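Input: a single structure, listed below in structure tokens.
A quick note: this is a predicted structure, and the numbers were derived from the prediction, not measured. In what follows, chains carry the letters A, B, and so on, assigned in the order in which the sequence lines appear, proteins first and then strands, with residues in each chain numbered from 1.
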Amino acid sequence: MTGSLHRFANPARFQRLSQAVLPWFAGGTVIAFVIGLYLALFGSPPDYQQGETVRIMYVHVPAAWMALGAYTTMALASAVALIWRHRLADLVAQSAAPIGAGFTVIALATGMLWGQPMWGTFWVWDARLTSVLVLLFLYLGYIALINAFDDPERGARAGAILALVGWINVPIVKFSVDWWNTLHQPASISRFAKPALHPSIMTPLLVMAIAFMLLFATLLLLRVRTATVEQRLRTLAMARARS
Amino acid sequence: MTAFFVLIRRDLALSARQAADALVAVMFAVLVVVLFPFGIGPEADILSRISAGVVWVAALLAAMLSLDRLFQADHDDGSLEQLALGPLPLWALALAKATAHWLVTGLPLIVASPILAIMLQMPTAGLATLVLAMALGTPCFSLLGAIGAALVLGARRGGVLVAFLILPLAIPVLIFGAAATEAALTAQEAAPHLMLLGACLLASLALAPAAAAAGLRQALG
């Protein structure tokens with residue numbers, strides 16, 4: 001396990017490998033978004049109760065999933081970075097944070113736009129909305145912490161611990177709709193139960209979820225590649241300053 | 001075990017020598033509470049309606065205010081490294097520091113909270129629950145704060161940063177604490193909220209020293 005992980009921890013190998021797969025991820029993202037957005041905006045029926053506003057869901061739900069997914073990615077990468085001291089894992093965690101914060105903002109913004117026509121208010125202080133807002137603050141706190149040190153190495157390690165501590169919020173977000181009696185509806189899609197959604201709505205939602213996942217992977221690869229190059233530039237600049 | 005108590009006694013002695021510093025946190029909470037009647041207006045029913053939440057928010061802010069000193073002074077003069085070399089494991093060191101912080105800031109806040117609540121026209125029916133909930137909640141603030149204080153060691157603007165990192169994590173304590181007092185005021189069952197508050201305390205007692213120790217290890221590393 002660690003042996004195979006160490007192979008990918010080599011930055012040069014990572015640069016080669018990511019260069020090869022990046023166009024496929026980017027292409028897949030575009031294709032999935034074209035299909036998903038077509039199905040979501042034109043190919044699916046309007047809801048009998050909510051009308052056309054139900055289409056907000058096709059952006060809102062995948063964005064919320066990825067907001068949690070990105071944080072979990074960040075926490076996993078932080079654990080790897082702390083345990084095995086992989087420099088690349090640090091870069092993955094740091095690169096995932098702004099993307100995840102972006103997904104969280106999208107989920108909150110689309111949720112507010114959807115809440116106004118459906119609930120009659122942009123915002124309620126129920127458990128799901130509040131815990132997602134806390135998730136955004138955790139992302140912002142992490143970003144502030146890793147940039148607060150003169151030594152980026154120290155910032156990365158402090159951030160890794162914070163990411164792991166903050167992960168406690170992820171299950172709270174996930175189960176908030178079951179634990180508390182919230183205005184936000186409980187999950188409609190479960191791996192174990194028969195889904196409560198009709199296929200005509202389920203298919204576009206899943207395609208959009210795949211599109212968001214590919215978008216996350218593409219952006220993450222791109223940001224980690226940039227961070228690797230930036231780090232090498234910094235090392236070279238330091239070496240030149242010393243000589 | 002002796003090393004643990006010696007460390008607590010040392011921190012308490014240091015705070016006693018600078019008693020003004022220690023009291024600033026409580027005075028800050030008092031001032032925050034006093035601001036509310038000016039901002040909202042002195043109507044008794046509005047003030048008594050928001051009293052529980054205001055006292056809790058003031059206590060949380062006051063606890064955050066004094067956190068950046070938790071490890072910083074010892075880190076600056078190198079005694080933190082000496083302590084880390086001593087017989088005490090890092091998690092016990094963090095726990096001792098958090099305990100001392102709670103004794104210096106949390107305990108006065110608990111004592112002050114019923115007075116603050118009365119100033120905000122809280123009915124006396126809620127005072128006992130408020131004090132009990134504060135007794136369970138303020139140690140959580142100190143323990144969570146120890147994580148943040150360890151993480152920001154050596155950072156720029158550490159004081160603001162530690163509040164920014166820890167306030168989101170302290171929200172559950174705030175919710176259950178305010179809800180317990182609220183329940184007592186409206187003649188409902190406060191026990192479930194107090195139990196959840198106790199669960200928060202036990203969880204942070206078990207996990208926070210380890211996380212703070214990891215943070216200290218990185219800072220000393």
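Nearest heavy-atom pair, A/Phe137 versus B/Pro168, reported as atom, atom and distance to 0.1 Å: CB-CG, 3.7 Å. Taking all atoms of both residues into account, the shortest heavy-atom contact from A/Ala148 to B/Leu161 is CB-CD2, 3.5 Å.
With a 4.5 Å cut-off on non-hydrogen atoms, A/Ile172 does not touch chain B at all. Interface remark: A/Asn169 contributes no atoms to any contact with chain B (heavy atom separation under 4.5 Å). Neither the backbone nor the side chain of B/Ala203 comes within contact range of chain A; no heavy atom of the residue lies under 4.5 Å from a heavy atom of that chain.
Looking only at heavy-atom pairs under 4.5 Å with chain B, the residue among A/Leu140, A/Leu145, A/Val165, A/Val134 that has the most is A/Leu145.
A/Tyr142 is not listed as a side-chain neighbour of B/Leu165, based on a closest heavy-atom distance of 4.5 Å or more. Annotation: side chain of B/Leu169 is in contact with side chain of A/Leu138 (closest heavy-atom distance under 4.5 Å).
At distances below 3.5 Å, not a single donor-acceptor pair connects side-chain atoms of A/Arg157 with backbone N or O atoms of B/Gly215. No side-chain donor-acceptor contact under 3.5 Å links A/Arg154 to the backbone of B/Gly154.
Crowding of A/Arg225 atom CZ: a count of heavy atoms from other residues, nucleotides or ligands under 6.0 Å exceeding 12. Heavy atoms of other residues, nucleotides or ligands lying less than 6.0 angstrom from CD1 of A/Ile168 number 12 at most.
Summarising the geometry, atom CG belonging to A/Leu162 is positioned 9.0 Å from atom CD1 belonging to B/Ile147; distances are rounded to the nearest 0.5 Å. Within the model, atoms CZ of B/Arg156 and CG of A/Asp150 stand 5.0 Å from one another, a figure rounded to the nearest 0.5 Å.
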